[in-house]
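Residue numbers count from 1 along this sequence. These values consider heavy atoms only, across backbone and side chains, with no hydrogens, waters or symmetry-generated copies. If you're wondering where the values come from, they're calculated on a predicted model, not measured in any experiment.
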Amino acid sequence: MMQLVQDTLGRFVSSGEIAGCAARIMRNDEVCFEGQYGYANRENSVPMAEDTIFAIASMSKVITVAGIMQLYEQGLFKLWDPVREYLPGFRKPTVAKEKPDGTYEIIPAKGDVTMRQLFTMTSGVPYPGKETAAARIRLEKEERHRKEGGMLPSTVDYCNWVGQQPLAFEPGEKWMYGFSIDILGAVIEVLSGQTLGDYLKAHIFDPLDMTDTGFYVPEEKQSRVAVRYHIHDGMKPSERTIPSEKPEFESGGGGLFSTVRDYSRFAQMLLHGGTLGNARILGRKTIDLIAMDHLTPAQQATHDWDTQRGYGYGLGVRVMTHPEMADINGSVGEWGWDGAFGNWFCVDPKENLTCVYLTTNLPGDHYRFIPKLMASMYASLD
């Protein structure tokens, strides 16, 4: 049934474009495709396997969203609540307003950052980087902190510190992918009294039997971790160290490790309205709220990545609204997210289908690979 998918993924590796990948597609609760291609470790000739562990980067975000929406269901917060009610570092937010000459001024924000804005990436909280004045300010401060002895010691302390840094724009003004879901991870800690990793293990990973998912990889599993490769630099391996113990900062936005099997179980739970087997993670109507487009027209105008053509944005996820604009032979209502190392997953309620695709690319180059995978997958359906 899925020969097209097999051929497409095999070609990604045989062409030399990527080092390796693994995927699982489930339809009507049956595995209709599963395959592993290439190497998890080229230098040691370790092939991809069913239990290969991947750094899933931003696919962590959807798991964090599921975790905090459990607390939403318990009535512990509202989406329109100011973040300062849970993280006092977000009191009196400021904006780094950029000027035409390349300079900027720090001005008081016109309003609070809300929980809803964190979910929808409209908060203005940047990743540290060079794209905006706010991102540059944060990058410079973090680099200085590291030189002086390190960043703040916990997820909550770190996110309170981030709240004191300037925003890239007025809260809610536009869409910008950033640090927002990491902040939701800190709110989980405040509301639950547990560390983020302990909360997710107790309320998502254990109930779903996700035995190889977490913020670190124990020493006895380290040999199963796929090496990340610089795909534009002769497949040079990344030298990044994989944590073998619980890290001080647990990044709900990008710090998890998982396997195709584990993440597929999470995706199947989403497909089935928050339930898998005897495990009820979320309510059906909560899943509906996550998977609907929440962007205003003004925010949608800045939701302009190549990989987001035809999509709106829900609570931490892309949401397909116009397949013809995306050039994808898929379904209205398909949703999911991806990760910086080329990883990607989708939930398609109309086709009763989930797909999890994990790989090791630096950079991810999703625009080169994911549309081809999707075309082959949807062409294979009866």
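For Glu17, the salt bridge (Lys or Arg N to Asp or Glu O under 4.0 Å) test picks out Arg368, with sequence neighbours left out. Annotation: side chain to side chain contact (heavy atoms under 4.5 Å, CB included) contacts of Pro171 (sequence neighbours excluded): Ala109, Val113, Gln117, Leu167. Partners of Asp233 according to the side-chain hydrogen bond (donor to acceptor under 3.5 Å, both in side chains) rule, which considers only residues two or more places apart in sequence or in another chain, do not exist here. Checked against side-chain hydrogen bond (donor to acceptor under 3.5 Å, both in side chains), Thr241 has no partners two or more places apart in sequence or in another chain. With sequence neighbours excluded, the residues that form a ring-ring contact (aromatic ring centres under 6.0 Å, His included) with Phe369 are Phe12. Looking at residues two or more places apart in sequence or on another chain, you find a salt bridge (Lys or Arg N to Asp or Glu O under 4.0 Å) between Lys246 and Asp198, Glu250. Not a single side-chain hydrogen bond (donor to acceptor under 3.5 Å, both in side chains) links Glu189 to another residue, sequence neighbours left out. Taking Lys201 as the reference, Asp206 meet the salt bridge (Lys or Arg N to Asp or Glu O under 4.0 Å) condition, with sequence neighbours excluded. Annotation: ring-ring contact (aromatic ring centres under 6.0 Å, His included) contacts of Tyr357 (sequence neighbours excluded): none. In this view, His230 satisfies the side-chain hydrogen bond (donor to acceptor under 3.5 Å, both in side chains) rule with no residue, not counting sequence neighbours.
Below 30°, between 30° and 60°, or above 60°: for Phe266 and Tyr263 the angle between ring planes is above 60°, a perpendicular geometry.
Residues Phe179 and Tyr158 bring their aromatic ring centres within 6.0 Å.
Residues in residues 76-98 take part in these ring-ring contact (aromatic ring centres under 6.0 Å, His included) pairs, two or more places apart or across chains: Tyr72-Phe77.
Through direct or indirect side-chain contacts shorter than 4.5 Å among Ile, Leu, Val, Met, Phe, Trp and Tyr, Met176 is connected to Phe169.
Nearest heavy atom pair, residue Asn329 against residue Met374, reads OD1-O, 3.7 Å.
A salt bridge links Glu98 with Arg136: at least one charged nitrogen is closer than 4.0 Å to a carboxylate oxygen.
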